[in-house]
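Encoded as structure tokens, the structure appears first; notes follow it.
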Amino acid sequence: MSIVTVQLGQCGNQIGYEVFNAICNDFHSTHGLCSKKENESYQEACKERFFSEEKTGVPVARAVLVDMEPKVISQTLSIAARSGHWRYDHQSHFCQKQGSGNNWANGYSVHGPRYRDVIMNLVQKEAEKCDRLSGFFTVMSMAGGTGSGMGAFVTQCLRDAFPTSFILNQVIWPYGTGEVIVQNYNSVLTLSHLYQSADALLVHENDAIHKICAQLMNIKKISFRDVNQVIAHQLGSVFQPTYSSEGASQYSRSPLGDLMESLVPHPEFKMLGLRNIPQMSENSLTYSTFTWPGLIKHLRQMLIANAKMEEGIDWQVRPPLPGHPVPPKASPNKALHFNTSIANLVVLRGKDVQSVDLGGFRDPALYTSWLNPQEAFKIWKTPRAFNKYEKSASLVSNSQFLLKLMDNIVGKAWNMFASKAYVHQYTKFGIEEEDFLDCFTTLEQAQTGVGPFVPLKMSY
Amino acid sequence: MTQSVVVQVGQCGNQIGCRFWDLALREHAAVNKKGIYDEALSSFFRNVDTRNGGGDADIHKGKIFSLKARALLIDMEEGVVNEILQGPLRDVFDSKQLITDVSGSGNNWAVGHKLYGYQYREHIVEKLRRTAEHCDCLQCFFVIHSMGGGTGSGLGTFVLNVLEDEFPEVYRFVTSVYPSGEDDVITSPYNSVLAMKELNEHADCVLPIENESLFSIVSKIHQMTSSGKLGSTVKQNSLLTSSAGSIKTEQEKPFDAMNNIVANLLLNLTRLDQMFSDAFSKDHQLIQADPKHSLYLACALLVRGNVQVSDLRRNIERLKPSLHFVSWNQEGWKTGLCSVPPVGHSHSLLALANNTCVKPTFTELKDRFMKLYKKKAHLHHYLRVDGMEQSCFSEAISSLSDLIEEYNQLDATKSAPGTYPSRLKIAM
């Protein structure tokens, strides 16, 4: 089954390109460390999932590129074509001239409806190229105007036009110190809308990826390209083919469905975080060896201590003792440090995956009392190594700390909204103060929710 | 890609504008080796085939034939515009883009605004429409003028009104040169205050510039580099060129009145991080102001050249603790990266700040105005112009006072601890 990717806005298109590039590189990798038969199976599944066949033999990415400015799309199309290994369908894009001015309302209320038909036609065409459609993967940032505003609108359109397909939104969380003045408004508006139309949101934070580039990849002058390549690697490590159940003889046909099924048991909690280990520069890779127990131990601690990478993990954080559920009021500090999960998915790739012991992830203490660990924890694996990493483990989790991240942004946005700053820029395009209030309400509800988490103490 | 149109009014406006076009051409020449008319060029230039005489049609793709500036040159004296038309840039402008007269405005805002405004309105509208029609997607007007004289100040702000009436959807960015304290035009305070009211009401964004600041920057540069190739006018052009790339600066204006932006351009004469530090120091501002000790409403950093996102983030984090941002916009940064460096440099930084440090400029202006106004000095020169009344003066000074008061209120919040509004409570 195939996934159609919709790349929205500057960020979405730049990342989308890196994702297809990473997938294609992995496809051609000669370091698969598995049998020829296995490798061929993998390549077959990968191709069906992400590329369509062309007469010329060059695989064509199953993607639609959308932006309100022409510059990035035109660069993206040409860099891909130059690679010789894959390309985009040059008919599958839509752009305009003026951009959205970092204004969510402009993207959502003006550009969205205006270009809806053209864009949905392109999506329909891509969908029809698939023998069977697994669902959609959208890539967008939250801080700008097109990816965020138009992205939210397009997601709604996808939901309306394809009610039975899965929709996964990859959202990029902006730098905390500010890269777009109204990023908090744009983020709040985006999240509240996506909450209603998407099946799940996969979150990547610029700050976290930036740190990975600085500390793990040892890059001195980090460019957006570096950041995007790390994100692409992480996404590839989840979405490249795997066997999603024990004893399966075929690569899973329905990655998005499997993902949703295991990780999103409740519609109120659909934000997912992604962690990948190990992550390092290509130079260091040749000199490093890893053991599975080591990797898994780190990955588990990264989860419960909410670390985004394998350096600087707080090993003091421990899950609460069995029989002593986290007390809501008694020790607020402990509650905030330990990251409770609703569900987790571990993806293992490479050497000796069959022998990996994942008992640590089945510990009920990691999870809410909702689901029992058999239901809350899933494993996907393949012996085929990914992207030159002899062993690679990824963790996709539906856990508490993303809510805290969201709380942070909601707080800042609310603060700005209280003084009505910049609101006139949005009302100009049809987003009124009531609309803002609705969005704040949706997200506050998601915070307090009916869920099993300890209520987060909101303080400044 | 979108287009912008430059409207240069008066002597000062045209002199600056001329240097801008010169720099713009040099910038493009440095990167556009194949002579192809591309999207970047089209943002400020049309491509016209002048060989066939009759046609004035634009050529949208392919080789460059003849570049024509998307500009309107307005002056009520002929001297400056004639000089431009006889100089090396004569082919960049054509006669259809000019509006001139002979006698000038006598350093009188009323003459510029009321007399010439009324007289030339039709012309102005017609020529603006023409330039707009040649644009695929017009995004912004850049008006360049001075505040202290008669034409730039009076007619320039009249044109601003016209722009708002005729093209309400197109942004209006104004670069205004403010008179210094020792200005030799006695009535410059009148002209400036009268013009300020117009800017307040009709401009989307104002970049104020003071000659004193330019002089001190230039002398600093002369000290640092022995060659005098960087003249004061280069700063202004670069400012304009750089701000031309920043089409997203709408965020710089949270409240309608707070549209005065302190601009600060740093060329690479120093190390990268030093460049960032300098951008916030009072010695490098284009007006006499100290942003570090005042309150920021928002700040944009636009870098050109070999500067990456990590350089930006690192410097923002480094400088942030020493800067005061308004409580509801603690992370009020807009960042932009352009990989093409400016001509002759490896990198540059443009910092645009919406900061209360503009207030002293305005209060001084108000004081100078009041000195004259109290004695009714020279008032008759203005009031004898048709359409000009005493109320124009009182409204203008009142508008300025209100503006100063708004900045005062903001400044007052600087020392007060931030009281954060309580969040929405969800009933369970």
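These numbers were taken from a predicted model, which means no experiment stands behind them. In what follows, chains are A, B, ... by sequence order, proteins preceding strands, each numbered from 1.
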Return the [atom1] to [atom2] distance between [X] and [Y], rounded to the nearest 0.5 Å.
| X | Y | atom1 | atom2 | answer |
| --- | --- | --- | --- | --- |
| T2(B) | Q98(A) | OG1 | CD | 6.0 Å |
| K97(A) | E39(B) | NZ | CD | 7.5 Å |
| C213(A) | Q308(B) | SG | CD | 11.5 Å |
| K412(A) | N329(B) | NZ | CG | 11.0 Å |

Toward chain A, the part of [X] with a non-hydrogen atom under 4.5 Å:
| X | answer |
| --- | --- |
| N306(B) | both |
| L337(B) | side chain |
| S422(B) | backbone |

Checklist line | Whether over 12 other heavy atoms sit under 6.0 Å from K320(B) NZ | finding: yes
Notebook entry, point to check: So does K211(A) have more than 12 non-hydrogen atoms from other groups sitting under 6.0 Å from NZ?
Noted result: no
Notebook entry, point to check: Under the side chain to side chain donor-acceptor pair (under 3.5 Å) test, which residues partner D411(B), sequence neighbours left out?
Noted result: T356(B), K359(B)
Next item on the list: Identify the heavy atoms of S419(A) and W328(B) that sit nearest to each other, and give their distance.
Entry: OG-CG, 3.0 Å
Next item on the list: Would you indicate whether the side-chain heavy atoms of N415(A) and R423(B) approach each other to under 4.5 Å?
Entry: no
Going by atom type alone, with no hydrogens or angles, which donor-acceptor pairs under 3.5 Å involve a side-chain atom of residues 177-189 of chain A and a protein atom two or more places apart or on another chain?
{"from": "T177(A)", "atom 1": "OG1", "to": "R313(B)", "atom 2": "NH2", "distance (Å)": "2.7"}
{"from": "E179(A)", "atom 1": "OE2", "to": "Y175(A)", "atom 2": "N", "distance (Å)": "2.8"}
{"from": "E179(A)", "atom 1": "OE2", "to": "N206(A)", "atom 2": "ND2", "distance (Å)": "3.0"}
{"from": "Q183(A)", "atom 1": "OE1", "to": "E179(A)", "atom 2": "N", "distance (Å)": "2.7"}
{"from": "Q183(A)", "atom 1": "OE1", "to": "V180(A)", "atom 2": "N", "distance (Å)": "3.0"}
{"from": "Q183(A)", "atom 1": "NE2", "to": "Y175(A)", "atom 2": "O", "distance (Å)": "2.9"}
{"from": "Y185(A)", "atom 1": "OH", "to": "M416(A)", "atom 2": "O", "distance (Å)": "3.3"}
{"from": "Y185(A)", "atom 1": "OH", "to": "F417(A)", "atom 2": "N", "distance (Å)": "3.2"}
{"from": "Y185(A)", "atom 1": "OH", "to": "A421(A)", "atom 2": "O", "distance (Å)": "2.9"}
{"from": "N186(A)", "atom 1": "OD1", "to": "W104(A)", "atom 2": "N", "distance (Å)": "3.4"}
{"from": "N186(A)", "atom 1": "OD1", "to": "Y426(A)", "atom 2": "OH", "distance (Å)": "2.6"}
{"from": "N186(A)", "atom 1": "ND2", "to": "N102(A)", "atom 2": "O", "distance (Å)": "3.0"}
{"from": "N186(A)", "atom 1": "ND2", "to": "A143(A)", "atom 2": "O", "distance (Å)": "2.6"}
{"from": "N186(A)", "atom 1": "ND2", "to": "G144(A)", "atom 2": "O", "distance (Å)": "2.9"}
{"from": "S187(A)", "atom 1": "OG", "to": "Q183(A)", "atom 2": "O", "distance (Å)": "2.6"}

Item checked: chain B-proximal positions within residues 215-224 of chain A [heavy-atom distance under 4.5 Å] -> K220(A), K221(A), I222(A), S223(A), F224(A)
Note to self: Show every side chain to side chain donor-acceptor pair (under 3.5 Å) that has at least one partner inside residues 434-443 of chain A, sequence neighbours left out.
What the structure shows: none
Notebook entry, point to check: Any idea which of T335(B), L312(B), V309(B) has the most non-hydrogen atom pairs under 4.5 angstrom with chain A?
Noted result: V309(B)
